[in-house]
Amino acid sequence: MNFYKVLFPIAVKDGFIYSSDVEIEIGSRVLVPFRGKHKIGVVWDKASESRQYEIKPVLDVPDKKPVIDTELKKTVEFIARYYLTFIGLVLKSALPKRIFEVYSAIDLTEENSTFLNFSREHNLNQEQQYVYHNINQNEFGVNLIFGVTGSGKTEVYMRVMEDVLKKGKKCVVLVPEIVLTPQYIDVFSKRFSSDILSIVHSRLTPKKRFENWLNFKKGKTRILIGTRSAVFSDFENIGVVVVDEENDESYKQENEPRYNAKDVAIFRAKQHNIPVILCSATPTLESYHKAANGKFKLFRLKNRIKNIPLPSVDIVETNKSDFLPDYTIEKIEDTLKQKKTVAILVNRRGFSNYLVCADCGYLFVCPNCSVSLTYHKKSNDLKCHWCEASYDIPSVCPKCGSADIMNRGVGSQQVEEMLKRTFPKHDIERFDRDSVLTKKEFERIVGKLQEGKIDILIGTQMLSKGHDISKIGLVVVASLEELFGVPDFRAREKALSLVIQTAGRSGRAEPGSVIVQTVSKESELIRYIKTHNYEDFLKEELKNRMLLRYPPFKRVIRIIVESTNQNRSQETADKIARLIKDELDILGPAKCPVYKLRNKYRYHILVKTSEILKATGLIDKKVREFKEKVHFDVDPISFF
Ligand code: ADP
Ligand code: ZN
Ligand code: ZN
């Protein structure tokens, strides 16, 4: 008799033991009795007989081959350990849903397609050639292509993909969520035949998603383009992994398992000894730092193709009563007259209770944590959402001495209302990742946008992602301070990246323009925006992060406690802090910036560490059993 540990796609830490007369290959699907039903699980390991409970037999082994190989298995295990999560949930993310729903055999036989037909449109320019020739295709290495918007990054990695395909190997291209996918498909199917292309993203039906996953696994298709979860696709015989727009936050999953697809891609590429290509016009500080340290290879593309200049940027001051100054309105009118689209960038959530100096744009930050302080009207003070410190409101600005301190700048909501009043006859649409868009609604807006039928588009991060919306003639950043007046140590990085990426949408075909509205022309970030110099910002920001022991110098783990009972939430958070504070460097507990969410009261603790696996191991051991809900977010990106 053989015994096997079988894993199910559920929130459990370990598998269950079953017996079988025949030997089963690790990674195979099996049909077994589980909790009174028949279920599909995956054989995870050999096991020895257990005497604690009755062992049930495997009922069927439907497929001829395993669905998961040794490397993917190792990856799943690593993710569960690294991100302090359930291995069953990682397995659930790693395989299409259908794998666990279909009881009959899945045909996994290889089907090698040989069809290769590249239709190139351009020859690489000198800058591109240098990058292309210096990416080592023969072994593992992370290549960061840091190039301004429209500098031809896509063209470079497509050239590498050609080489990989010619060698009979496959390629995986990770792209940010949703918005871009149709455009990517377009670009790739023009270049490579659509017969060898598989697409995987969350807007596909489970059936379609499964089909595409299967075709790629079997080798029927040779290129997989997909969002986050595509990082779990079959990596056998793969030659390169590309992570486009590597700074995009959608690579990090915001619910369990909270993995980062970019890091998983690197982990897997290492196992397979193949190169990774990361691309961005605004790489993350983490990636840039690794490149500067020689861990990644840095490539710069400093010029736009055809030397179309980067858009000129107008800095426009606003104040509390003037959300859309005349200058902005005139520019919008001009753009509309030319039948071009105006894009207005607003912040994502209505979290903007910051305090700002009206004269110099100084934003009040916590001296301990270097994050934006939150203004509390009721108590008329400033609070830190990371260390719980509270501060009196100073009577004058510490930077310039002005007494003109405002409790916020211009709000995006107000800008939106004002636009609708000022341009009532124009077609105004709002486009958000957060606003719940149905598939139909989403396609309607994207369709309208591509046809150039929207006059004014109000949006958040979405705007920074549209690939080539050449109809955008003007981009307006409604309120610069509102973008970075949030309690997040990456607030400045995120804000600047967003502004630069969005500005890059403007005038890709011909010069476009950008207006950045700000409280003061002396406000932070302005100088980098004017010169489009993201690298200077990164260098400067590195110093701040070092000073306060933030990433990339330390890694962080965010522990979130949630309870319907306010006191219990706080007590649990305090208890956890006491358990770990002697051994780990922590901030908090403090109320989360979004304190009440779905009827639960939330506290968080931030752990900073240079030995992540040691820290997660310790947390796992000490914080295992709590009645209240405790979430762990390793390498968190969002702090609400
Ligand atoms: P990025 O990814 O850096 O934003 P893309 O690769 O999308 O830039 O290139 C921008 C545009 O320039 C695309 O329309 C692309 O087809 C075109 N392009 C890229 N490389 C070249 C080249 N060497 N010569 C002419 N056009 C190019
Ligand atoms: Zn000031
Ligand atoms: Zn603080």
Side-chain angles (χ1 to χ4, degrees), residues 119-132 145-159 173 175 180 183-184 186-188 190-191 242 244-246 277-283 299-308 310 355-374 382-391 394-406 464-470 481 487-489 500-501 504-505 507-509 519-524 548 550 586-591 593 604 606 639:
S119 51
R120 272 188 203 163
E121 265 179 66
H122 319 288
N123 291 321
L124 297 181
N125 66 25
Q126 261 187 341
E127 267 195 332
Q128 288 171 315
Q129 272 187 32
Y130 177 83
V131 183
Y132 165 66
I145 308 180
F146 178 3
V148 293
T149 47
S151 57
K153 300 183 283 294
T154 316
E155 189 61 38
V156 171
Y157 72 69
M158 288 201 296
R159 208 53 75 95
V173 182
V175 301
L180 288 175
Q183 287 158 328
Y184 274 105
D186 207 42
V187 168
F188 283 96
K190 271 190 196 140
R191 179 57 168 269
V242 176
D244 205 358
E245 309 291 350
E246 70 96 29
I277 300 175
L278 309 178
C279 290
S280 181
T282 57
F299 296 105
R300 294 299 318 268
L301 291 175
K302 292 193 173 172
N303 300 301
R304 277 185 145 185
I305 297 290
K306 295 180 204 126
N307 287 320
I308 294 171
L310 283 161
L355 204 66
V356 63
C357 168
D359 279 328
C360 75
Y362 175 79
L363 211 87
F364 289 76
V365 295
C366 175
N368 299 328
C369 312
S370 174
V371 298
S372 229
L373 291 166
T374 305
L382 289 163
K383 284 202 175 71
C384 174
H385 273 291
W386 286 41
C387 73
E388 286 267 280
S390 61
Y391 302 89
S395 50
V396 294
C397 166
K399 195 174 153 204
C400 76
S402 160
D404 195 1
I405 290 169
M406 316 196 284
S464 69
K465 298 185 187 180
H467 219 200
D468 240 333
I469 312 165
S470 46
E481 288 74 20
D488 177 344
F489 66 83
I500 287 185
Q501 293 275 1
R505 297 308 120 198
R508 297 195 95 191
V519 165
S520 159
K521 285 191 173 168
E522 280 152 58
S523 191
E524 283 189 72
L548 284 131
Y550 281 128
I586 67 168
L587 268 180
K591 281 179 184 164
H604 66 170
L606 199 80
F639 295 97

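In listed order, ligands and their atoms are each counted from 1.
Close placement of the Phe364 and Tyr362 rings is indicated, their centers lying within 6.0 Å of each other.
Not a single N, O or S atom of His385, from either the backbone or the side chain, sits less than 2.8 Å from the Zn ion (ligand 3).
Remark: at the Zn ion (ligand 2), atom SG from Cys397 and atom SG from Cys400 enclose 110°, rounded to the nearest 10 degrees. Remark: at the Zn ion (ligand 3), atom SG from Cys387 and atom SG from Cys366 enclose 110°, rounded to the nearest 10 degrees. Atoms SG of Cys357 and SG of Cys360, as seen from the Zn ion (ligand 2), are separated by an angle of 110°, to the nearest 10°. One finds an angle of 110° at the Zn ion (ligand 3) between SG on Cys384 and SG on Cys369, to the nearest 10 degrees.
Between Ile305 and ligand 1, no N or O atom pair is found at a separation short of 3.5 Å. In terms of polar-atom proximity, Leu124 is not counted as a contact of ligand 1, lacking any N or O under 3.5 Å from an N or O of the ligand.
Side-chain atoms of Thr282 and Gln501 form a donor-acceptor pair, as typed in the model, at a separation below 3.5 Å.
For atom 1 (P) of ligand 1, the choice among Lys153, Glu155, Arg159 with the nearest heavy atom turns out to be Lys153. For atom 18 (N) of ligand 1, the candidate residues are Glu245, Arg304, His122, Glu121; the nearest heavy-atom contact is made by His122.
Environment of OH in Tyr391: crowded, with over 12 heavy atoms of neighbouring residues, nucleotides or ligands closer than 6.0 Å.
Contact record, Asn123 with Arg159: CA-NH2, 4.2 Å, taken as the closest heavy-atom pair. When all heavy atoms of Pro283 and Glu246 are compared, the pair lying nearest together is CA-OE2, 3.1 Å. Shortest non-hydrogen contact noted between His122 and Glu155 is CD2-OE1, 3.7 Å.
Relative ring orientation between Tyr550 and Phe489 is described as parallel, the plane-to-plane angle staying below 30° on a 0-90° scale split at 30° and 60°.
Taking every non-hydrogen atom of Ser151 and a distance limit under 4.0 Å, the qualifying atoms of ligand 1 come out as 1 (P), 3 (O), 8 (O). For ligand 1, the atoms sitting less than 4.0 Å from at least one non-hydrogen atom of Asn123 are 22 (C), 23 (N), 24 (N), numbered in the order shown with element in parentheses. Residue contact check: Asn125 has heavy atoms under 4.0 Å from atoms 23 (N) of ligand 1.
A 4.5 Å side-chain heavy-atom check between Leu363 and Ser372 finds at least one atom pair inside the cut-off.
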